[in-house]
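Have a look at the structure below before the remarks.
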Amino acid sequence: MKQSKIVSSLLSNWIAKIFSFLIALFIVLAVKVLNVNDRVVTVPLDVDLPEGFVAVSLIPDTIEIVITGPDSIIYLVDPSEISASADFSSVSSEGIARVPVELYYDNDIFTDDGLAVSTRPSSVRILFSPSSAV
């Protein structure tokens, strides 16, 4: 008899209880997500050009780095410890070539503290023509 009272009390108003649980879960997740911020810094971009081709379009010399993490530590990151490069040395035909931007940094420093580092944009494109055409 006592067991049925417990079961009936758990099952009564079950819609309201599930709805309350979902709202509480949403609030917890929102606080976690809203506590993460981005810091955008500009760093020099090292571009390796292919031999036998000339860049017709502009060659970017900087790129934006996005450091994502808690406010308390994203501003402690020294941007001079991060370098970026784009390697076009494998280009073998004229036209627009796109390569991803590669980041070089001490990975353990950032991942241990829950930071994520990415580039904006994630790739670079340059228009090439044969060097004899220019």
Side-chain angles (χ1 to χ4, degrees):
M1 188 92 168
K2 189 169 191 150
Q3 216 172 21
S4 65
K5 287 184 180 181
I6 294 173
V7 171
S8 65
S9 68
L10 287 175
L11 294 178
S12 66
N13 296 327
W14 64 272
I15 294 175
K17 291 176 183 176
I18 290 177
F19 184 69
S20 299
F21 174 74
L22 291 175
I23 288 176
L25 185 65
F26 174 75
I27 290 171
V28 168
L29 292 175
V31 168
K32 293 249 184 218
V33 169
L34 293 176
N35 200 17
V36 173
N37 292 323
D38 291 341
R39 175 184 176 199
V40 179
V41 294
T42 303
V43 297
L45 178 65
D46 180 32
V47 179
D48 296 327
L49 299 174
E51 293 189 24
F53 293 95
V54 175
V56 179
S57 63
L58 293 175
I59 301 171
D61 56 352
T62 60
I63 191 116
E64 289 185 342
I65 304 293
V66 181
I67 305 167
T68 305
D71 250 354
S72 59
I73 55 176
I74 61 172
Y75 292 99
L76 298 176
V77 175
D78 184 10
S80 66
E81 294 179 1
I82 303 171
S83 62
S85 70
D87 186 11
F88 287 94
S89 61
S90 62
V91 171
S92 59
S93 63
E94 65 180 311
I96 296 175
R98 177 186 302 254
V99 296
V101 176
E102 295 183 23
L103 294 176
Y104 302 100
Y105 55 90
D106 186 4
N107 208 5
D108 293 339
I109 292 173
F110 298 112
T111 55
D112 288 347
D113 292 330
L115 295 176
V117 181
S118 61
T119 62
R120 188 170 45 194
S122 62
S123 62
V124 177
R125 57 186 189 164
I126 298 177
L127 174 61
F128 291 102
S129 68
S131 59
S132 59
V134 176

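The model shown is predicted, which means the values in this text are computed figures rather than measured ones.
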Nearest heavy-atom neighbours spanning Ser129 and Glu94: CA-CB, 4.1 Å

Heavy-atom check, side chain of Ile126 versus side chain of Pro60, under 4.5 Å: yes

Student check: side-chain heavy atoms of Asp61 and Leu45 closer than 4.5 Å: no

Crowding at CZ, Phe19 (>12 non-hydrogen neighbours, <6.0 Å): no

Single-linkage hydrophobic cluster Ile65~Tyr75, side-chain heavy atoms < 4.5 angstrom: yes

Non-hydrogen atoms of Ala86 and Val99 that approach each other most closely: CB-CG2, 3.9 Å

side-chain contact (heavy atoms from CB on, under 4.5 Å) assessment of Ile59 paired with Leu49: CA-CA 10 Å; Ile59 301 171; Leu49 299 174; 3.6 Å; yes

Phe88-Leu58 co-clustered via ILVMFWY side chain contacts under 4.5 Å: no

Pro50 versus Phe128, closest heavy-atom pair with distance: CD-CE2, 3.5 Å

Step-by-step side-chain contact (heavy atoms from CB on, under 4.5 Å) determination, Leu115 to Val77: CA-CA 10 Å; Leu115 295 176; Val77 175; 3.5 Å; yes

Euclidean distance, Ser85 OG relative to Asp48 CG, rounded to 0.5 Å: 6.5 Å

Residues Val40, Val66; criterion side-chain contact (heavy atoms from CB on, under 4.5 Å); working and verdict: CA-CA 5 Å; Val40 179; Val66 181; 4.2 Å; yes

Single-linkage hydrophobic cluster, 4.5 Å side-chain cutoff, Leu22 and Trp14 together: yes

Minimum-distance pair of heavy atoms, taken over all atoms of Pro121 and Val101: O-CG2, 4.3 Å

Validation row: Pro79, Arg39 side chains within 4.5 angstrom (heavy atoms): yes

Flag, side chain of Ser123 to backbone of Arg98, donor-acceptor distance under 3.5 Å: no

CG (Asn13) with more than 12 external heavy atoms under 6.0 Å: no

Leu25-Ile23 co-clustered via ILVMFWY side chain contacts under 4.5 Å: no

Rounded distance [0.5 Å steps], CG in Leu103 versus CD1 in Ile63: 8.5 Å

Cluster overlap Ile74 with Leu76, hydrophobic side-chain contacts below 4.5 Å: yes

Nearest-0.5 Å distance that lies between atom OG in Ser118 and atom CD in Glu64: 10.5 Å

